[in-house]
2 protein chains.
Amino acid sequence: MARKSSRSTSFDVAALAGVSQSAVSRAFTPGSRIADETRSKVLDAALKLNYVPNSIASSLTTKRTNIVALIIGNLDNPFYVHVLHTFSRKLQEQGRQVLIFTVEPNSESDEAIMHLLKYQVDGVVLTAAQLSTRMISLCHDRGIPIVLFNRYIPGSDASGVRCDNVAGGALIAEAFLAAGAKNFALITGDLKGTTSQDRVRGFVGRLLEGGIKRSEIVEVEGHSSYEGAFNATVKLFRDQNRTRPDALFGVNDIMAMAAIDALRHRLGLRVPEDLMVGGFDDIPEGRRLPYQLTTVRQPIEQMVDETLEILHLDDPTEPIPRGIDRPIKGRLIWRNTIPVPAAYRWDKDDSQS
Amino acid sequence: MARKSSRSTSFDVAALAGVSQSAVSRAFTPGSRIADETRSKVLDAALKLNYVPNSIASSLTTKRTNIVALIIGNLDNPFYVHVLHTFSRKLQEQGRQVLIFTVEPNSESDEAIMHLLKYQVDGVVLTAAQLSTRMISLCHDRGIPIVLFNRYIPGSDASGVRCDNVAGGALIAEAFLAAGAKNFALITGDLKGTTSQDRVRGFVGRLLEGGIKRSEIVEVEGHSSYEGAFNATVKLFRDQNRTRPDALFGVNDIMAMAAIDALRHRLGLRVPEDLMVGGFDDIPEGRRLPYQLTTVRQPIEQMVDETLEILHLDDPTEPIPRGIDRPIKGRLIWRNTIPVPAAYRWDKDDSQS
DNA sequence: GCTCACTATGCATGCGCATGCACTGCTGTG
DNA sequence: CACAGCAGTGCATGCGCATGCATAGTGAGC
């Protein structure tokens, strides 16, 4: 049997049910005017014929595809996998689906945008990738809302939702200071990304307030990968002629975990005894026994909810929201890679949720 | 400005370029008869108008959406994330996109199928989820090829690509035997899934050949999660009145890593000195220093390639391939959680690729 | 019993593009 | 020089459905 064989249409169903094609259409359109009796006649016929409405065809008239594009640049980082999962779950609950566009981490996503425009998606979420402002207006002009997730483009009218990374970086710095650290180091991915940038800024800023003028900042080439951070850590501690850092901030959990592995298994140092480590994201892997990483939790659920709210998928007549910036506070999760100062002990949190 | 504002159509472009709408269509259709001069006139006009072909509309006539549905049940397992990534990358190279359908691990994906049928996808890949045979024929009847990835439904005419899990399980058993293990245990997820089933079968089968009649099999409730395996390991070694196992097979890397964490950090045992551990999948996380997991590598690239080959997306007139079963051999990767017997030392492999 | 208001339904049309067919004009061949 | 052959183009149509509009049917109110 060749493909495209039997795909019954609303006309087939109409014929079998003894009604008009419009009736079939209405039977499958919630909130449309149709008698219960007619609807069930239609549904019966549809069942017999294995009819499923062709949403491609309906998109042509409604101008809604119920598809949301998700541009994702770093599936190696479980944090973004979690983000993807959360979007997919929440959108499915609304009867929408995620169309994935994978791009090289930190590369331009302009090409992805050109492709997704073809698919007439209802909205775009961009995570972990760069984007030119021209593309933003291309989307806006065509009435497609786009939200940057955990990044922003200063001075553009693109809307975005992000963790308050400056405040988050400061939380780690504060934890280090409270735990009595003296010499600070930081490992980050590409500083072109606003995410890393802000975390570094928040961290260094808080240190300055604490009277620390100097800290070692290592920018890993490429994106924020485990391997990059591992090698950077080894290098950092091998080349060291000056005093060894006693506090290391990995700008995300993956990098912090890589640093811990390098410290323990390559450099023979103990965490947190010889050196404390802080991370960022709170990925499930960091909660595991070998790590028990102290980190800043990004409230993914809330961030996704805010993103969907800005996208306004339910009401395409609304003007596209421009220039919205929703920084959401993260929360410090005390575990075992930073010694908990007595003053903080009450809110140590090791929960899984 | 309201949405849906300016979305120019092929007619607009045609008008500006001074040609007919058909010419515009042809200008964007590779391999279609059009003079170079006309094409560039059209492309110029299109550029001016920010025209992008509406692939939804074209799908209506061509009956091709260039969308492939991927049903995925377990994004917590990096293996499947890698699978997703590979599919997305390879499909994008062909000008196609992945539409994601996330389902609960090991739950029915029948509902997902009903939804994806609406989107008129060109093909379906199903990973890590159950499926009724009724849904298979529903897809087949409508001319939509579906390939089961790493699972199969015995006796159905669904096609599938999978790692040869029986042979893979046997590889681990063989490694254990060669390393001199005497008492065997195995931790697995839901045995309803053919993947776990086969790995267990291969493992136990090979042990029998080696004269081992008995091994401890622990089936973790729910899906193959880290947490489940961790708790199961603790329980297994605490409740033990008999001789302690000296070889533990985690039916996938995540579970093996969970077991290692439990053994080391909860039970105070050393791996591989007190007890050797084998995994399955070869996820990047298992290569890291704290684990260096000996495991069976699933050749993802090849499996994805075979899947795409079976889907035959380029040639929708071909009959749908039915009942194909492509078991692909995995390869044992020697690392450090099973002591390498002298006879095997030559092929120890620690490469990252 | 008659009209009004409203519900339920059908008819006709258009969404944006691909494509079969007809037509034009041009090149090459005998 | 005549005509076949073909590349290039436009016209018309249909893909499957949603929806505005017209109409038939129903019940309520006087």
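Predicted model, so just to flag it, every value in this text is computed and none were measured. In what follows, chains are A, B, ... by sequence order, proteins preceding strands, each numbered from 1.
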Does A:Gln97 reach the main-chain N or O of B:Ile100 with its side chain, forming a donor-acceptor pair under 3.5 Å? yes

Let me know the distance between CD1 of B:Ile34 and P of C:dT24, rounded to the nearest Å. 20 Å

If you measure from the Lys or Arg side-chain nitrogens to the Asp or Glu carboxylate oxygens, is any gap between A:Arg7 and B:Asp141 under 4.0 Å? no

Please tell me if A:Arg33 has a side-chain N or O lying less than 4.0 Å from either OP1 or OP2 of C:dA8. no

How close or far is atom P of C:dC15 from atom CD1 of B:Ile56, stated in whole angstroms? 17 Å

What is the separation between atom CZ on A:Arg64 and atom C1' on D:dT19, rounded to the nearest whole Å? 17 Å

Just checking A:Val24: base, sugar-phosphate only, or nothing, at a heavy-atom cut-off of under 4.0 Å? nothing

Compare side-chain N and O positions of A:Thr9 against OP1 and OP2 of D:dG16 and report whether any pair is under 4.0 Å apart. no

Looking at A:Asn150 and A:Arg162, would you say the former's side chain and the latter's main chain have a donor-acceptor pair under 3.5 Å? no

What's the closest nucleotide to the side chain of A:Ala57 if the choices are D:dC11, D:dG16, D:dG20? D:dG16

For a quick check, tell me whether the side chain of B:Gln21 and the base of C:dA18 share a donor-acceptor pair closer than 3.5 Å. yes

For D:dT9, does OP1 or OP2 lie under 4.0 Å from any side-chain N or O of B:Thr38? yes

Would you say D:dA18 has OP1 or OP2 under 4.0 Å from some side-chain N or O of A:Lys63? no

Closest to the 5' end of DNA chain C, once A:Leu60 and A:Ala23 are matched to their nearest nucleotides, is A:Ala23

Rounded distance in Å - CD (A:Gln120) to P (C:dC17): 8 Å

Whichever of B:Thr61 and A:Ser59 has the more 5' nearest nucleotide on DNA chain D, that residue is B:Thr61

Between B:Arg326 and B:Asp305, does any NZ, NE, NH1 or NH2 come within less than 4.0 Å of an OD or OE carboxylate oxygen? no

Which of D:dC17, C:dC17, D:dC11 is nearest the side chain of B:Asn54? It is C:dC17

According to a strict under-4.0 Å criterion, is B:Ser10 in side-chain N/O contact with OP1 or OP2 of C:dC17? yes

Indicate whether OP1 or OP2 belonging to D:dC17 is found under 4.0 Å from a side-chain N or O atom of A:Ser58. no

Ionic contact status for A:Lys48 with A:Asp12, cut-off 4.0 Å: no

Which residue, B:Val52 or B:Arg26, contacts DNA chain C at a nucleotide closer to its 5' end, judged by nearest heavy atom? B:Val52

Once you round it to whole Å, what is the distance between C1' of C:dC17 and CG of B:Asn66? 14 Å

Ignoring hydrogens and geometry, is there a side-chain-to-backbone donor-acceptor pair from A:Thr86 to A:Glu301 under 3.5 Å? no

A:Arg7 (side chain) and D:dG16 (base): donor-acceptor pair under 3.5 Å: no

Once hydrogens and angles are ignored, does a donor-acceptor distance under 3.5 Å link the base of D:dG8 to the side chain of B:Arg39? no

Taking OH from B:Tyr119 and C1' from D:dC17, how many angstroms apart are they, rounded to a whole number? 15 Å

Tell me: CZ of B:Phe28 to P of C:dT19, nearest whole Å? 15 Å

Just call it for B:Ser22: base, sugar-phosphate, or nothing, with non-hydrogen atoms closer than 4.0 Å on any strand. base

When rounded to whole Å, the CG to P distance for the pair B:Asp12 and C:dG16 reads 9 Å

